[in-house]
Undergrad: 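Below you will find the structure I want to go over with you.
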Amino acid sequence: MEKYNPSKIEKKWQNFWLKKGFYQAKDFSKKPKFYTLIEFPYPSGDGLHVGHARSYSALDAVVRKKRMQGFNVLYPIGWDAFGLPAENYAIKTGVHPSITVKKNINNFRRQMRSLGLSFDWKREVNTTDPKYYKWTQWIFLKLFENGLAYKSKMPINWCPSCKIGLANEEVVGGKCERCGTVTEQKEKEQWMLKITKYADRLIDDLGNVDYLDRIKTQQINWIGKSFGTEVDFKLEQLDKKITVFTTRIDTIFGVTAVVLAPEHALVREVTTEEKTAEVQEYIKISKQKSEFERTKLEKEKTGVFTGSYCINPLNNERVQIWVGDYVVATYGGGAVMMVPAHDVRDYEFAKRYNLAIKEVVSGNSDIGKQAFVECGKLINSGEFTGLPSKEAINKITQLLEEKKLGKKTIQYKLRDWVFSRQHYWGEPIPIIYCSKCGIVPVSEKDLPVKLPFVKKYEPTGTGESPLGAISKWVNVKCPKCKSPAKRETDTMPNWAGSSWYFIRYIDPKNSKNLADLRKLKYWMPVDWYNGGMEHTTLHLLYSRFWHKFLYDIGVVPQPEPYAKRTSHGIVLAEDGRKMSKSWGNVINPDDVVREHGADTLRVYEMFMGPFDQMIAWDTKGMIGVRRFLERMWNLTLACVNNKKSDKEMLSAFNKLVKKVSEDLDSAKFNTAIASFMEFSNLMSANQGKVGKDIIEKLLILFAPFAPHITEELWRKIGKKTSVHLQKWVGYSEELIQGEKITLLVQINSKLRDKIEVVPGVGQKEIEAMVLGNGKIKKWLEGKEVKKIIFVPNKLINIVL
RNA sequence: GCCGAGGUGAUGAAAUUGGCAAACAUACAGGUUUCAAAAACCUGCGAGCGCAAGCUCUUGAGGGUUCAAGUCCCUCCCUCGGCACCA
């Protein structure tokens with residue numbers, strides 16, 4: 001008998017499938033559509049990671065089954081190819097990023113094909129292709145047109161030694177990733193996108209999609225919506241006020257100070273003359289602290305008294321005004337009312353500076369020792385004394401609103417999206433600065449604004465993007481008045497191209513639109529999107545935001561892009577660490593394919609553990625899968641000449657069909673594979689009892705997981721058309737049940753015996769069988785039967 | 001600190017959602033085959049007692065609900081992921 005030899009068969013079938021175009025999705029097909037999306041990779045020089053292979057093959061199994069079930073499947077692939085590694089490589093070697101990227105893409109494509117992934121290669125997209133990023137820029141213009149893109153001074157991470165702005169990912173532990181210098185914050189005018197305008201809808205619409213719960217909660221926490229009250233504290237000396245935000249207005253009688261962030265606009269004005277030097281020194285020091293230090297020093301709350309006072313609007317007490325850098329400048333107006341008795345941070349601050357601690361909510365803790373932060377009954381609170389916190393919050397807010405001293409309000413942790421990067425290898429932001437007309441958008445007909453090809457990619461040293469040095473490209477005429485003007489030299493962040501790529505797959509060649517609306521109506525939304533947990537709060541949120549915006553301007557037909565989102569766990573190296581070249585522990589899928597074949601790699605990656613769980617590679621475990629495939633090969637060829645399968649095997653097989661079908665739909669790939677193994681063990685013990693009927697169906701059932709070996713065997717048993725074009729296998733509940741079931745017999749909930757019965761027997765009959773049974777009798781002797789629990793077709797429990 | 005996910009054999013893990021704990025796989029041990037090795041195949045494999053039939057114990061710790069708990073409830077410990085002075 002011929003032996004299983006993956007290297008001999010895999011390439012052959014891959015070429016065959018590609019040539020026949022088996023996996024191309026058809027627009028407007030009458031079949032129901034099923035759009036499955038995996039996160040398109042950044043084509044790094046390291047090639048495909050086994051982690052990519054894991055999620056791609058698992059979803060590949062899902063879509064292969066869907067096709068067999070009669071769905072018109074779209075399973076596309078593309079390249080998220082803008083990014084720093086290519087730019088850094090270009091700085092080092094002078095090789096243009098587009099050349100590096102092209103080379104890497106070719107390698108990725110070869111690797112993916114060698115795994116037999118059933119992507120629709122006709123729909124490939126590449127974010128660095130001007131025909132693609134033309135539309136990324138177009139979306140930016142629309143955002144600008146609709147007031148959702150604006151310029152603002154924002155700090156960037158600055159390496160004083162490299163003289164370059166750094167992305168957050170390039171700052172490791174407060175230091176520049178390349179040279180180790182401590183980074184600084186530098187203010188720079190940057191483009192911002194108003195994602196905060198969509199905060200509510202981004203939360204609310206989570207109710208209409210099927211995402212894993214932890215993905216939903218992570219997004220909700222990230223957006224961080226909280227309900228509270230804004231209160232005005234009038235200044236004692238000036239005719240101005242400080243507005244603070246609080247979620248606990250019920251504690252306002254306990255205010256002993258108001259604390260401003262160092263960046264707060266009123267700091268200068270409220271500082272008295274004799275305090276000016278001290279306050280300015282404090283602000284200077286806190287500015288010098290990098291973001292990193294600020295969070296490291298979390299526990300140390302410092303501040304300085306400004307010398308002036310404001311008035312508590314409820315009890316007209318004089319309240320000291322302080323400056324403290326524990327107050328977040330960008331949240332709630334950058335000012336807080338300090339209630340030491342009922343806030344942990346304020347408590348610490350008050351202790352440090354000997355400020356009064358006034359208890360206004362009674363609770364079970366000792367205010368002398370720590371703050372009481374829960375709700376309770378109000379005390380020492382004038383007319384509100386005695387009210388429970390919740391009620392007091394409403395009443396006090398109402399009063400403030402009547403007196404026009406405050407109002408109910410909502411705050412979010414979510415900030416607007418900093419959209420500028422000072423790098424070369426990204427989409428140019430399509431904006432022109434004219435000294436007369438100001439900010440002028442590039443007109444749509446002039447898109448794309450192409451990246452200029454240059455010889456040098458070094459940063460300019462001024463904090464501007466390398467594009468700033470290319471005067472030929474920078475200097476243009478104003479589209480409005482034709483006078484000399486300059487291009488925006490910042491580029492877009494990596495997240496731009498990936499925020500809408502799933503739309504482009506639907507109509508990748510369209511030169512008039514992002515995508516044709518009719519096609520979008522057919523294909524959207526994505527039915528199943530799988531990706532990494534690390535993208536939950538950035539990519540996933542950004543792309544939902546863009547999609548909602550595109551929906552609002554009528555470009556896409558639905559408000560939510562993804563109907564379902566799951567996530568896969570990272571694949572670690574055998575030593576339990578992350579795979580990394582420097583550790584020397586990287587598993588290269590090419591090596592695995594060469595040695596054991598793509599099917600072994602695919603099946604092993606599905607079998608290794610629960611799909612959503614982080615898991616370490618185990619070469620030994622993979623060899624077990626190789627052995628299993630060989631067993632399947634041998635058993636198929638051994639059994640196919642048997643005429644008929646026996647009933648017991650048919651029942652087991654029907655069970656398998658049910659299990660595999662359900663597990664695929666719920667991403668339980670590991671148990672699906674385990675069931676195949678179990679069945680193969682059963683087959684091997686009952687070789688004479690498995691016939692051609694089962695073998696044929698088994699190959700179809702297994703085809704989504706191991707497409708090559710099943711295709712080869714399918715032909716070997718004499719079939720003329722591909723196994724992947726067969727109809728999915730159904731199962732019958734009746735056959736599953738079989739003729740006999742095992743019923744458990746328990747005495748006092750302890751298993752004492754098992755009996756074989758026909759399905760559906762009643763309690764009386766079982767009781768008769770059991771109570772007379774010799775095995776059981778000895779347990780009953782001298783005891784009284786108190787109760788009998790009977791679960792049909794499952795167990796009988798006799799309680800003594 | 002807060003939010004989320006977990007804690008089951010030597011190891012990766014199963015457990016129809018309250019009904020046989022440890023499926024499947026790896027590792028290990030013994031055997032068949034072989035001049036030998038590898039491969040393949042067979043047997044065993046949570047712990048304890050026992051010649052055996054069998055019995056008892058066992059899912060991070062402790063308590064509870066139930067005829068029945070890995071699964072539900074309470075208290076606590078530990079690991080991982082996210083957020084982190086957001087008032």
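For the numbers below, each heavy atom of this structure counts, side chains included, while hydrogens, waters and symmetry mates do not. Letters A, B, ... are given to chains in the order of the sequence lines, protein chains preceding strands, and every chain is numbered from 1.
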Undergrad: Classify A/Met533 by what it touches in the nucleic acid, base, sugar-phosphate, or nothing, heavy-atom distance under 4.0 Å.
TA: nothing

Undergrad: Please identify each residue that fulfils salt bridge (Lys or Arg N to Asp or Glu O under 4.0 Å) with A/Lys794, with sequence neighbours left out.
TA: none

Undergrad: Students often mix this up, so state it plainly: with edges at 30° and 60°, are the rings of A/Phe628 and A/Phe702 parallel, tilted or perpendicular?
TA: perpendicular

Undergrad: Scan A/Lys754 against the nucleic acid and name what it touches under 4.0 Å (heavy atoms): base, sugar-phosphate only, or nothing.
TA: base

Undergrad: Examine B/rA13: is either OP1 or OP2 under 4.0 Å from a nitrogen or oxygen in the side chain of A/Gln613? Give yes or no.
TA: yes

Undergrad: Which of the following nucleotides, B/rA14, B/rG19, B/rA23, is nearest to the side chain of A/Pro610?
TA: B/rA14

Undergrad: Of the options B/rC85, B/rA87, B/rC55, whose atoms approach the side-chain atoms of A/Arg752 most closely?
TA: B/rC55

Undergrad: How would you list, by chain and number, every residue that makes a salt bridge (Lys or Arg N to Asp or Glu O under 4.0 Å) with A/Lys241, sequence neighbours excluded?
TA: A/Asp232

Undergrad: Tell me whether A/Arg565 forms a cation-pi arrangement with A/Tyr211, defined as NZ or CZ under 6.0 Å from the six-membered ring centre and within 45 degrees of its axis.
TA: no

Undergrad: Applying a 4.0 Å non-hydrogen cut-off, can you work out what A/Asn670 is touching in the nucleic acid: base, sugar-phosphate, or nothing?
TA: sugar-phosphate

Undergrad: Work out how far the C1' atom of B/rU34 is from that of B/rU16, and round it to whole angstrom.
TA: 46 Å

Undergrad: Can you tell me how far C1' in B/rA29 sits from the matching atom in B/rU17, rounded to whole Å?
TA: 37 Å

Undergrad: Could you measure between the two C1' atoms, the one in B/rU65 and the one in B/rC74, and give it in whole Å?
TA: 11 Å

Undergrad: How is A/Ser226 classified with respect to the nucleic acid when contacts are heavy atoms under 4.0 Å: base, sugar-phosphate, or nothing?
TA: sugar-phosphate

Undergrad: Would you indicate what A/Arg631 reaches in the nucleic acid, counting non-hydrogen atoms under 4.0 angstrom: base, sugar-phosphate, or nothing?
TA: sugar-phosphate

Undergrad: Are A/Glu317 and A/Lys358 ion-paired here, with the side-chain N under 4.0 Å from a carboxylate O?
TA: yes

Undergrad: The side chain of A/Leu744 lies closest to which of these nucleotides: B/rA23, B/rC20, B/rC42?
TA: B/rC20

Undergrad: Under 4.0 Å, heavy atoms only, any strand: does A/Asn681 hit a base, just the sugar-phosphate, or nothing?
TA: sugar-phosphate

Undergrad: What's A/Gln746 touching, base or sugar-phosphate or nothing? Going by heavy atoms closer than 4.0 Å.
TA: base

Undergrad: Give me the distance, rounded to whole Å, that separates B/rG6 from B/rC72 when you measure between the P atoms they each carry.
TA: 10 Å

Undergrad: Choose from B/rG19, B/rA68, B/rG4 the nucleotide whose nearest atom is closest to any side-chain atom of A/Thr217.
TA: B/rG4

Undergrad: With a 6.0 Å cut-off on the ring centroids, do A/Trp417 and A/Tyr198 count as close?
TA: no

Undergrad: Given B/rC3, B/rA23, B/rG82, identify the nucleotide with an atom nearest to the side chain of A/Asn221.
TA: B/rC3

Undergrad: Using a strict threshold of under 4.0 Å (side-chain N to carboxylate O), is an ion pair present between A/Lys620 and A/Asp618?
TA: no

Undergrad: For A/Gly624, answer base if it contacts any base atom (sugar-phosphate contacts may also be present), sugar-phosphate if it contacts only those atoms, and nothing otherwise; contact means non-hydrogen atoms under 4.0 Å.
TA: sugar-phosphate

Undergrad: Taking both distances under 3.5 Å as the test for a Watson-Crick or G-U pair, what stems of at least three pairs does RNA chain B have?
TA: B:1-7 with B:77-83, B:10-12 with B:24-26, B:28-32 with B:40-44, B:46-49 with B:54-57, B:60-64 with B:72-76

Undergrad: For A/Lys794, report the nucleic acid contact type (base, sugar-phosphate, nothing); a contact means any heavy atom under 4.0 Å.
TA: sugar-phosphate

Undergrad: Could you measure between the two P atoms, the one in B/rG19 and the one in B/rA69, and give it in whole Å?
TA: 11 Å

Undergrad: Given B/rA39, is OP1 or OP2 found less than 4.0 Å from the side-chain N or O atoms of A/Arg627?
TA: no

Undergrad: When you measure from the side chain of A/Lys750, which nucleotide among B/rC57, B/rC85, B/rC24 comes out closest?
TA: B/rC57

Undergrad: Indicate, with a heavy-atom threshold strictly under 4.0 Å, whether A/Ile788 touches base, sugar-phosphate, or nothing.
TA: nothing

Undergrad: Which nucleotide, B/rC83, B/rU26, B/rA25, lies nearest any side-chain atom of A/Trp222?
TA: B/rC83

Undergrad: Indicate the atoms forming the closest heavy-atom contact of A/Lys301 with A/Glu348, along with that distance.
TA: NZ-OE1, 3.4 Å

Undergrad: Touch check for A/Asn797, heavy atoms < 4.0 angstrom, all strands: base, sugar-phosphate only, or nothing?
TA: base

Undergrad: Check every strand shown and say whether A/Phe607 touches a base, only sugar-phosphate, or nothing at a heavy-atom separation below 4.0 Å.
TA: base

Undergrad: Would the A/Phe653 and A/Phe679 ring centres measure less than 6.0 Å apart?
TA: yes

Undergrad: Roughly how far apart, to the nearest Å, are B/rC49 and B/rA14 at atom C1'?
TA: 29 Å

